[in-house]
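Quick notes on the structure that follows.
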Amino acid sequence: MILNLDPKFTPILNQEQINFQSFTFSGGEPHIKIDPNFNTNEKVTITHRLNSFNDLGLLCITVDALRRMDVKIIDLFIPYFPAARQDRVMIKGESLSVKVYADIINGLQLNKVFVFDAHSEVTPALVNNCEVIPNHTFIKEVLKVIGENVKLISPDGGALKKIYKVSEFLGGIEVVECSKSRDVKTGRLSGFKVYEDDLQGMDCLIVDDICDGGGTFVGLAEELKKKNAGKLYLAVSHGIFNKGFEVLNCFDKIFTTNSFKDFEGDNVKVIGIDQLI
Ligand SMILES: O=P(O)(O)OC[C@H]1O[C@H](OP(=O)(O)OP(=O)(O)O)[C@H](O)[C@@H]1O
């Protein structure tokens, strides 16, 4: 049984859907009323694009409503885990935000929590019964569009372990390692390195979990071009794109999923999460 809290996001279609009504009170609080005409002895999977504390509020009251109907086993499918990047305290005074979300979700006593391409190993370490769905199938779908004659580009140390697993899954596509530096105090990017002298005109696919403002990828694209890269592609599991796609016009094509929100754009191909699980 599926209870899908985001009407525009239907990642699991091949199971019976539970009906409900939801609205937001004028004071901002979410409300839910679940249609009780379903078999409450069965497991319920809640699917949601949980991007903020407001979404978390709706999730919490939904789990409460299900528990009050005696539903015993509840799974959660949230492809994007909020604040997953805030997985360490860089300077005194910051919060460990990912743990705040994890602690609240742990309090719901869920059977399983499915997350797509978690930013780091911190999320599954903090979230009880967490299962991470890797980005392998996503990148396989990307290669169906651009072909396999590319180099996989790892933008930074954080992405390295994952990209070697993708490469292995795809039969050993060559990986180029890169790094970026950030100013700890300001958080600004301060430099990129590509650890290969000459890319010999080969097409390059940067693979990462999140594109937010895009600074990482624009900076890296400049370095790749200096090293004689051919066409440049970007594949990010979670597209936020807070500065739009214009800033990313150095890329021949951008690939993402609908884990965070829906997108449209000439140069963007969105691969639905429903195709990847
Ligand atoms: O589009 P942008 O605004 O450039 O952000 C995207 C980058 O941010 C995240 O990494 P982050 O720098 O947080 O990596 P870290 O956890 O390895 O420091 C993400 O993995 C991307 O690499």
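Start at 1 and go down the list; that is how both ligands and their atoms are numbered. Because the structure is a prediction, the values reported are computed rather than measured.
Aromatic ring centres of His119 and Phe81: separated by at least 6.0 Å.
Using bins of under 30°, 30° to 60° and over 60° for the plane-to-plane angle, the ring pair Phe53/Tyr101 lands in the parallel bin. Using cut-offs of 30° and 60° for the angle between ring planes, the Phe116 and His238 rings count as perpendicular.
Each of Asp262, Asn4, Asn258 was scored for a side chain to side chain donor-acceptor pair (under 3.5 Å) with Arg49, with one residue passing: Asp262.
With hydrogens and angles ignored, the 3.5 Å screen pairs a side-chain donor or acceptor of Ser167 with a backbone N or O of Ile173.
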Original post:
Which is it for Phe260 and Phe241 under the ring pair (Phe, Tyr, Trp, His ring centres under 6.0 Å) test, yes or no, and what are the steps along the way?
Top reply: CA-CA 10 Å; Phe260 187 81; Phe241 302 119; 9.5 Å; no
Pairwise, report which nitrogen or oxygen atoms of ligand 1 are under 3.5 angstrom from protein nitrogen or oxygen atoms, and how far apart they are.
| from | atom 1 | to | atom 2 | distance (Å) |
| --- | --- | --- | --- | --- |
| ligand 1 | 1 (O) | Asp212 | N | 2.8 |
| ligand 1 | 1 (O) | Gly213 | N | 3.3 |
| ligand 1 | 1 (O) | Gly214 | N | 2.7 |
| ligand 1 | 3 (O) | Gly213 | N | 3.0 |
| ligand 1 | 4 (O) | Gly215 | N | 3.4 |
| ligand 1 | 4 (O) | Thr216 | N | 2.9 |
| ligand 1 | 4 (O) | Thr216 | OG1 | 2.5 |
| ligand 1 | 12 (O) | Lys180 | NZ | 3.0 |
| ligand 1 | 12 (O) | Arg182 | NE | 3.3 |
| ligand 1 | 12 (O) | Arg182 | NH2 | 2.7 |
| ligand 1 | 16 (O) | Arg88 | NH1 | 3.3 |
| ligand 1 | 16 (O) | His119 | NE2 | 2.8 |
| ligand 1 | 18 (O) | Arg88 | NH2 | 2.7 |
| ligand 1 | 20 (O) | Asp208 | OD1 | 3.4 |
| ligand 1 | 20 (O) | Asp209 | OD1 | 2.5 |
| ligand 1 | 22 (O) | Lys180 | NZ | 3.1 |
| ligand 1 | 22 (O) | Asp208 | OD2 | 2.5 |

